[in-house]
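The structure appears right after this line, and notes come after that.
Labels below follow one simple rule: chain letters A, B, ... track the order of the sequence lines, proteins then strands, and each chain is numbered from 1.
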2 protein chains.
Amino acid sequence: MNDTDQWLSADEQRSWRAFIRLHQKLVARLGADLQSHSKLSGADFEVLVALTDVPDGRVRFQDLAKEIDWEQSRLSHQIRRMIKRDLLSRKECAEDGRGAFVVITPHGRETIEAAAPKHVATVRSLVIDALSADEFAELGRLSERMLEQIDNVSK
Amino acid sequence: MNDTDQWLSADEQRSWRAFIRLHQKLVARLGADLQSHSKLSGADFEVLVALTDVPDGRVRFQDLAKEIDWEQSRLSHQIRRMIKRDLLSRKECAEDGRGAFVVITPHGRETIEAAAPKHVATVRSLVIDALSADEFAELGRLSERMLEQIDNVSK
DNA sequence: GTACATTAGTTGACACGTCATGCATCACCG
DNA sequence: CGGTGATGCATGACGTGTCAACTAATGTAC
């Protein structure tokens, strides 16, 4: 195994680091922004958005977890915390005694509707406006390709 | 404010989601991979790599924080945890009574040297191999542009 | 129906990151 | 020298994420 197998080249290194840093900064910045305007974390936001996309604002845990691609346990913890803050509520499932629905509360709906425009504007100003439409689309394509790769490469 | 200002277009939405998901999955996957092979977290890895890049494996806290672009307090917590595990040690700074050096221990060095090749191989297989060299370089350029944008847009 | 595996969701322990705060030490000015 | 602010780092509280273990209901086979 030579150096080019074992390590990244200088160019690769640079691209890779920029890519990773970008993610860290972006998530930190978007999270802080959300928090300061709406008392929501990025996680809260993602859950609430998924719930507004759904009729009755009501979903089974499993379906929600799949929709946003989260582990079951992570979702469970998150939901519990959000219920405490009256953003969500739990509803037993009649068809399956084990299951449960997550329901968005009125307060949850108000909160997400108030937060979304500002958040989207921030995403625009930080990311989309940094690139041309073509570049942004290209970024999307590359991301999708890498996502496929990750799903395909078995652990 | 019309819809195109307030929300993302369908294409933008798709690109944006892919981009965000990609990072989430990638970080999760790389972290799990590192953990299973070397008992290191992604954070451990980043710190150790920075320390191997430096003469004597010894740096001031500030410099390290700047190098890896972390908040001071985050670094402080991380270092403390790593010292407990004998990956690093602390050394008082003679020139500045407030300051301190972080030093990589022999065990830390062994660990990172054992972990790096496997980790790099994983990065290759998950990311770099999914793209052509040109595409990967393009990804790096786009990342750098967005990073600049984030740093420029004042809070 | 009883036994066993599967599935839905919960929980506790622990690592991680952020924020605000605390506390020495240093630098500088008078 | 003494005071004052800035700098370097630590710490506690808290929200978050992962892993492994757990409970309870469901499905399946006999």
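- For the pair R60(B) and dC9(D), the criterion of a side-chain N or O lying under 4.0 Å from OP1 or OP2 is met.
- Residue contacts shown for E71(B) are limited to sugar-phosphate atoms, with no base heavy atom under 4.0 Å away.
- Residue side chain H77(A) does not reach the base of dG9(C) through any donor-acceptor N/O pair under 3.5 Å, judged by distance alone.
- One can place CZ of R80(B) at 12 Å from C1' of dG17(C), the figure rounded to the nearest angstrom.
- Distance, E92(B) CD to dT25(C) C1': 12 Å, rounded to whole Å.
- Here the side chain of A32(A) is nearest to one of dC19(C), dT16(D), dC9(D), namely dC19(C).
- A sub-4.0 Å separation between OP1 or OP2 of dA25(D) and a side-chain N or O of R98(A) is absent.
- Summarising the geometry, the separation between CG on D69(A) and C1' on dG17(D) is reported as 14 Å, rounded to the nearest angstrom.
- A donor-acceptor pair under 3.5 Å links the side-chain atoms of T105(B) to the main chain of D86(B), judged by distance alone.
- As rounded to whole Å, 12 Å separates atom C1' of dC16(C) from atom CZ of R85(B).
- Of the candidate nucleotides dA20(D), dG8(D), dT11(D), dG8(D) has the atom lying nearest to any side-chain atom of Q62(B).
- Look at NZ on K25(A): it is 16 Å from C1' on dT18(C), rounded to the nearest Å.
- Toward the 5' end of DNA chain D, the nearer of the two residues D96(A) and A43(A), judged by each one's closest nucleotide, is A43(A).
- Listed candidates were dC9(D), dC16(C), dG17(D). Nearest to the side chain of R81(B) is dC16(C).
- Donor-acceptor pairing under 3.5 Å, judged by distance alone, is absent between the side chain of S73(A) and the base of dT10(C).
- Rounding to whole angstrom units, CZ of residue R29(A) and P of dG17(C) are separated by 20 Å.
- Listed nucleotides dC9(D), dT11(C), dT18(C) differ in distance to S76(A); the shortest reach to its side chain belongs to dT11(C).
- Rounded to an integer number of Å, the gap from CD of Q78(B) to P of dT11(D) is 15 Å.
- When the options V127(B), I128(B), T122(B) are evaluated for a side-chain contact (heavy atoms from CB on, under 4.5 Å) with R124(B), the one that passes is I128(B).
- A salt bridge does not link K118(A) to D33(A): none of the charged side-chain nitrogens sits closer than 4.0 Å to a carboxylate oxygen.
- Considering only the side chain of S41(B), dC16(C) comes nearest among dC16(C), dC19(C), dC9(D).
- Here dG17(D) presents its C1' atom at 15 Å from CE of M82(A), a figure rounded to the nearest Å.
- Relative orientation of the H119(B) and F45(B) rings is tilted, given thresholds of 30° and 60° on the angle between their planes.
- Taking the side chain of A100(A) as heavy atoms from C-beta on, and the options dC19(C), dT18(D), dG9(C), the nearest nucleotide is dG9(C).
- Note: the hydrophobic cluster containing L40(A) does not contain L26(A) (ILVMFWY, side chain heavy atoms under 4.5 Å, direct or indirect links).
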